[in-house]
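What follows is a short report on a single structure.
Being a predicted model, the structure only gives us computed values, none of them experimental.
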Amino acid sequence: MTNAAEIINLKTDPESIWSRRTSLRSLHDFARAYLASPWAVLGVTLARTTATVPPHITLPPLVGGRGSLNLFVAVVGASGLGKGASTAVSHTAITLGQDVPTLPIGSGEGMAKAFGHREVVDVEGQPKYWVTVIDNPAVIFESSEVDQFAAQGGRSGSTLSSQMRSAWSGEVLGATYATAEKAVTIPAHDYRLCFILGVQPRRSGALLSESDGGTPQRFLWLPAADPLARDGVKAPEQMTLPKIDWPMQPMCMEVPKEAAREIRQNRIKALKGASDVLDGHMMLTRLKTAAALAVLDGRTDVDSEDWEISGLVMQKSATTRELCVQELRAVETEAAARRGEDRAHADAAHESKRAELTAPARVANKIAERLRDGEVWTRGAINRLQTSADRKFVDEALAILVREERAVKLSDTEYRGIAESPTGWDAV
């Protein structure tokens with residue numbers, strides 16, 4: 001099995017990216033100045049940057065067909081630490097130069113309707129027919145809590161997860177309905193969808209549990225925590241995303257030869273079953289990241305440095321995702337320990353109850369062994385001959401002896417033995 005570091009094949013410290021470009025240094029300093037994670041701010045900025053690229057601009061068909069630039073980012077951190085702060089800082093650090101609608105995530109069906117609606121075409125002399133009209137070619141979806149995303153996807157009949165996976169790949173979005181006006185479908189590569197999700201490490205199972213479907217593999221995982229945080233960093237001047245005159249017709253961004261070679265080699269390994277399930281979409285996510293870095297720099301093609309920096313970002317992503325996996329293991333270990341403690345307490349309580357239920361019978365036998373036939377003893381005398389631990393069982397023991405006709409109750413305080421005992425009692 002391969003891992004992220006082996007696939008990326010880079011040994012450089014990911015933190016070195018901040019000194020590679022002016023734009024990255026600026027994002028880093030903005031994040032530090034406003035006490036947010038530089039990595040989380042970068043992730044949000046890459047998603048926002050990608051949202052400005054027209055949907056007909058794609059990645060080349062290195063594996064299968066053309067690749068969509070649609071980018072998903074998971075900002076990983078405790079509730080109140082992550083997505084909100086990083087999103088706010090990203091908006092402060094860089095303006096896009098255009099408005100991109102930002103919407104909360106909803107149903108899978110509602111996702112397509114965020115991009116367009118159905119209208120009837122009525123041409124004189126021709127039958128009426130319905131068409132989908134694009135209202136927003138680009139939308140950024142957000143969800144602050146992974147539980148909210150999971151709750152939407154977990155509803156009976158929900159298509160959210162499958163629609164998200166299709167959207168990441170730029171496939172046809174929407175569904176067909178019997179009622180024509182409801183059948184909002186957005187053609188492949190006719191929409192730009194980016195998604196920013198807040199993920200709490202101990203709640204990340206809601207996302208990681210969908211690895212069989214390929215949902216978590218489509219995310220760039222970046223931390224909201226910042227171990228190197230410090231005060232006193234001055235915010236630089238706000239950036240504006242460089243304006244790019246994209247062509248009106250479909251275009252594939254060019255990628256460096258080494259990127260194409262690595263992507264195809266990794267694909268061959270995957271076809272032979274030699275890759276980790278959680279790394280199934282790593283190379284395309286890396287190429288999307290490289291493309292976003294190019295656009296952030298004002299270029300229409302991916303160069304070798306974009307590819308190298310994207311590798312460092314993917315290393316950070318793999319490390320962050322692994323921390324979530326470890327947190328989930330810790331949660332399961334703690335839960336198993338609690339279950340073990342609960343079982344132990346239940347077993348102990350059962351054993352204690354069983355011992356209490358058998359103790360009166362044991363004390364009754366002890367009394368019967370020493371009780372002479374016809375002798376009369378007071379309740380107090382009988383009680384004094386017991387151990388301190390057994391005295392609380394004397395009344396129940398005497399009741400057993402009376403019920404089993406091994407003693408006769410003469411009064412509330414006196415009992416007469418009716419069974420012979422070869423030893424008798426010692427004198428009181």
Side-chain angles (χ1 to χ4, degrees), residues 12-53 71-103 138 140-145 194-200 219-244 288-299 305-306 308-310 312-317 319-320:
T12 309
D13 181 2
E15 297 295 335
S16 66
I17 73 167
W18 309 117
S19 61
R20 301 289 291 269
R21 289 180 180 171
T22 302
S23 58
L24 296 178
R25 169 53 65 182
S26 180
L27 289 175
H28 172 277
D29 290 349
F30 259 105
R32 287 280 163 78
Y34 290 98
L35 300 180
S37 162
W39 288 104
V41 172
L42 173 63
V44 172
T45 301
L46 292 179
R48 294 177 61 227
T49 297
T50 300
T52 67
V53 182
L71 186 65
F72 293 0
V73 177
V75 177
V76 180
S79 182
L81 180 66
K83 191 193 73 62
S86 55
T87 299
V89 173
S90 175
H91 281 265
T92 302
I94 182 169
T95 60
L96 301 181
Q98 66 183 77
D99 292 329
V100 178
T102 299
L103 302 174
I140 299 173
F141 286 100
E142 290 188 342
S143 181
S144 298
E145 305 281 343
C194 292
F195 184 33
I196 304 169
L197 175 64
V199 177
Q200 298 74 45
F219 279 81
L220 187 62
W221 299 67
L222 295 173
D226 181 17
L228 302 177
R230 64 182 186 276
D231 204 358
V233 178
K234 184 179 179 181
E237 291 185 7
Q238 186 182 54
M239 296 184 293
T240 298
L241 186 68
K243 182 175 175 55
I244 298 176
K288 289 171 184 260
T289 302
L293 288 166
V295 176
L296 183 62
D297 214 31
R299 290 177 286 104
E305 186 180 50
D306 296 322
E308 183 179 351
I309 294 174
S310 70
L312 297 173
V313 176
M314 291 306 297
Q315 281 187 216
K316 193 67 177 182
S317 174
T319 301
T320 305

How long is the gap from [atom1] on [X] to [atom2] on [Y], to the nearest 0.5 Å?
X: L220; Y: S317; atom1: CG; atom2: OG; result: 4.5 Å
X: S144; Y: L197; atom1: OG; atom2: CG; result: 9.0 Å
X: T50; Y: L293; atom1: OG1; atom2: CG; result: 9.0 Å
X: K243; Y: Q98; atom1: NZ; atom2: CD; result: 7.5 Å
X: L222; Y: T320; atom1: CG; atom2: OG1; result: 6.0 Å
X: E15; Y: D13; atom1: CD; atom2: CG; result: 5.5 Å

Can you run down the salt bridge (Lys or Arg N to Asp or Glu O under 4.0 Å) pairs that involve residues 85-101, sequence neighbours left out, and say none if there aren't any?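 Checked against salt bridge (Lys or Arg N to Asp or Glu O under 4.0 Å) - neighbours excluded - no pair reaches residues 85-101.
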Determine which pairs satisfy salt bridge (Lys or Arg N to Asp or Glu O under 4.0 Å) with at least one residue from residues 232-241, sequence neighbours left out, and list them in order.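 Residue pairs passing salt bridge (Lys or Arg N to Asp or Glu O under 4.0 Å), neighbours aside: none found.
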Output all residues satisfying side-chain contact (heavy atoms from CB on, under 4.5 Å) with [X], sequence neighbours left out; order by chain, then residue number.
X: A290; answer: V302, D306, W307, S310
X: T319; answer: none
X: L103; answer: A114, V139, F141
X: S16; answer: T12, L312

Please find the pair of heavy atoms, one from [X] and one from [Y], that lie closest to each other, and give the distance.
X: L241; Y: L296; answer: CD1-CA, 3.8 Å
X: A138; Y: P101; answer: O-CD, 3.3 Å
X: A36; Y: V41; answer: CB-CG2, 4.0 Å

Check for a donor-acceptor pair, side chain of [X] on one end and backbone N or O of [Y] on the other, with a separation under 3.5 Å.
X: T87; Y: G84; value: no
X: Q238; Y: T92; value: yes
X: S37; Y: P223; value: yes

Show the atom names and distances, to 0.1 Å, of all donor-acceptor pairs under 3.5 Å that link a side chain in residues 224-231 to residues at least two apart or in another chain.
| from | atom 1 | to | atom 2 | distance (Å) |
| --- | --- | --- | --- | --- |
| D226 | OD1 | R32 | NH2 | 3.1 |
| D226 | OD1 | L228 | N | 3.2 |
| D226 | OD2 | R32 | NE | 2.7 |
| D226 | OD2 | R32 | NH2 | 3.4 |
| D226 | OD2 | A229 | N | 3.4 |

Identify, with sequence neighbours excluded, every residue that meets side-chain hydrogen bond (donor to acceptor under 3.5 Å, both in side chains) alongside S90.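 T45, R48.
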Restricting to side-chain hydrogen bond (donor to acceptor under 3.5 Å, both in side chains), what partner residues turn up for T95, sequence neighbours left out?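 Expected list: T240.
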Checking V73 against L46 for the side-chain contact (heavy atoms from CB on, under 4.5 Å) test, could you report, in this order, the C-alpha distance in whole Å, the side-chain angles of both residues, the deciding distance, and whether it holds? CA-CA 9 Å; V73 177; L46 292 179; 5.5 Å; no
Quick one: does L42's side chain get under 4.5 Å of L24's, heavy atoms only?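 Yes, close enough: below the 4.5 Å cut-off.
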Check whether any side-chain heavy atom of I17 lies under 4.5 Å from a side-chain heavy atom of H28, and answer yes or no.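 The answer is no, as the side chains (C-beta and beyond) never meet within the 4.5 Å cut-off.
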Is the F72 ring parallel, tilted or perpendicular to the F219 ring (thresholds 30°, 60°)?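 Geometry flag for F219 against F72: tilted rings.
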Could you work out, with salt bridge (Lys or Arg N to Asp or Glu O under 4.0 Å) as the rule, every residue matching E305, not counting sequence neighbours?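 If we apply the salt bridge (Lys or Arg N to Asp or Glu O under 4.0 Å) test to E305, skipping adjacent residues, the hits are R20, R21.
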Salt bridge (Lys or Arg N to Asp or Glu O under 4.0 Å) partners for E142, two or more places apart: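 E142: salt bridge (Lys or Arg N to Asp or Glu O under 4.0 Å) contacts with K83.
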Keeping to residues at least two apart or across chains, list the ring-ring contact (aromatic ring centres under 6.0 Å, His included) pairs with something in residues 29-48.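 Every ring-ring contact (aromatic ring centres under 6.0 Å, His included) pair that includes a residue of residues 29-48, provided the two are not neighbours, is W18-W39.
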